[in-house]
Amino acid sequence: MSIGIDELSEAIMKEMEAYTQEVESVTGEKLDEISKQLVFSLRNNPNIPVRTGKYKKSFYFKTVAKGRGYHRNVIANRRYYMTHLLEDGHAIHGGTSRTNKHPHWSEAEKLAKKLLEGFSL
């Protein structure tokens with residue numbers, strides 16, 4: 001069986017397409033898995049104070065961009081206005097003192113870097 005140059009280039013391109021699609025799907029699944037782990041760690045972080053529990057429950061992730069060669073997830077909180085106040089602390093009414101800091105996003109960021117370092121196909 002002999003293959004011409006034109007057929008060889010088509011066969012190579014077909015195999016490269018299949019490989020690219022496989023890598024993209026595996027990468028996307030792994031990225032979604034890492035995002036779920038980060039949301040789980042934020043929801044179960046003991047450093048976040050619990051009054052009603054609504055802040056902890058409102059962490060989520062969503063895919064904001066997905067296409068050929070890229071996949072981007074965002075982890076956020078529906079009660080976004082509380083994030084800065086809890087992360088950095090704030091002045092109490094009257095300005096006599098400040099609330100305690102509860103760094104949870106910085107911990108999640110460190111965990112994300114750690115999980116992404118171990119990321120391989």
Side-chain angles (χ1 to χ4, degrees):
M1 177 169 153
S2 63
I3 297 177
I5 295 293
D6 294 335
E7 295 169 354
L8 178 63
S9 65
E10 288 177 17
I12 291 173
M13 289 302 293
K14 184 187 250 185
E15 289 301 316
M16 290 298 289
E17 289 277 333
Y19 176 74
T20 302
Q21 288 177 356
E22 181 180 339
V23 167
E24 286 177 0
S25 69
V26 169
T27 304
E29 290 171 6
K30 186 70 174 173
L31 190 61
D32 288 344
E33 182 182 316
I34 289 172
S35 298
K36 287 178 186 176
Q37 288 177 358
L38 289 171
V39 168
F40 180 79
S41 72
L42 283 166
R43 285 183 178 170
N44 296 308
N45 189 332
N47 200 15
I48 302 173
V50 178
R51 290 178 105 181
T52 62
K54 290 180 182 178
Y55 181 73
K56 278 188 167 186
K57 291 177 187 173
S58 61
F59 285 105
Y60 69 97
F61 88 92
K62 71 178 187 177
T63 302
V64 293
K66 186 175 183 179
R68 187 175 182 125
Y70 61 92
H71 186 106
R72 184 174 300 144
N73 287 349
V74 170
I75 298 170
N77 192 301
R78 286 180 181 85
R79 299 172 68 91
Y80 56 88
Y81 45 87
M82 296 289 297
T83 301
H84 181 72
L85 296 174
L86 288 171
E87 185 78 17
D88 299 325
H90 57 89
I92 294 177
H93 182 69
T96 57
S97 61
R98 294 187 64 81
T99 62
N100 293 330
K101 294 180 179 184
H102 301 285
H104 53 286
W105 280 106
S106 56
E107 292 174 4
E109 193 174 331
K110 290 175 188 173
L111 179 61
K113 288 179 182 177
K114 180 181 168 187
L115 290 172
L116 288 172
E117 283 176 2
F119 181 77
S120 64
L121 296 176

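FYI, side chains are in, hydrogens and waters are out, and symmetry mates aren't considered; it's all heavy atoms of this structure.
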Exercise. Show the numbers, then the answer: is there a side chain to side chain contact (heavy atoms under 4.5 Å, CB included) between Asn77 and Met82?
Key: CA-CA 9 Å; Asn77 192 301; Met82 296 289 297; over 6 Å; no
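Counting only distance, with no hydrogens or angles, the side chain of Arg43 and the backbone of Phe59 share a donor-acceptor pair below 3.5 Å. In terms of modelled atom types and a separation under 3.5 Å, the side chain of Asn47 and the main chain of Pro103 share a donor-acceptor contact. Although no hydrogens or angles enter the test, the distance criterion places no donor-acceptor pair under 3.5 Å between the side chain of His71 and the main chain of Lys66. Counting only distance, with no hydrogens or angles, the side chain of Glu87 and the backbone of Lys101 share no donor-acceptor pair below 3.5 Å. Within the 3.5 Å criterion, the main-chain N or O of His90 finds a donor-acceptor partner in the side chain of Thr99. Using modelled atom types, no side-chain atom of Asn45 and backbone atom of Ser41 make a donor-acceptor pair closer than 3.5 Å.
Atoms CD and CD1, from Glu17 and Ile12 in turn, are 13.0 Å apart once rounded to the nearest 0.5 Å. Expressed to the nearest 0.5 Å, how far CG of Leu86 lies from CD1 of Ile48 amounts to 7.5 Å. Atoms NZ and CG, on Lys30 and Leu115 in that order, are 8.0 Å from each other to the nearest 0.5 Å. A distance of 9.0 Å separates CD in Glu107 from CG in Leu42, rounded to the nearest 0.5 Å. The distance from atom CG of Leu31 to atom CD of Glu24, rounded to the nearest 0.5 Å, is 12.5 Å. Here CD of Glu109 is found 10.5 Å from CG of Leu38. Values are rounded to the nearest 0.5 Å.
Using a 4.5 Å cut-off on side-chain heavy atoms (C-beta onward), Trp105 and Thr83 make contact. A heavy-atom distance below 4.5 Å is found between the side chains of Glu33 and Gln37. Asn73 has its side chain out of reach of Lys62: every pair of non-hydrogen atoms, C-beta onward, lies at least 4.5 Å apart.
Residue Ile75 is grouped with residue Leu116 when hydrophobic side chains (ILVMFWY) are merged at heavy-atom distances under 4.5 angstrom, including chains of intermediate members. Hydrophobic cluster membership is shared by Tyr55 and Tyr81, with clusters built from Ile, Leu, Val, Met, Phe, Trp and Tyr side chains linked at under 4.5 angstrom.
Every residue two or more places apart in sequence or in another chain was checked for a side-chain hydrogen bond (donor to acceptor under 3.5 Å, both in side chains) with Ser25, and none qualifies.
Salt bridge Lys14/Glu7: absent, no basic N to carboxylate O contact under 4.0 Å.
Across all non-hydrogen atoms, the minimal contact from His102 to Pro49 is CG-CD, 3.6 Å.
Other residues, nucleotides and ligands place more than 12 heavy atoms under 6.0 Å from the CZ atom of Arg78. Annotation for Phe40: atom CZ does not count as buried by contact number, only 12 or fewer foreign heavy atoms lying within 6.0 Å. Other residues, nucleotides and ligands contribute only 12 or fewer heavy atoms inside 6.0 Å of the OH atom of Tyr80.
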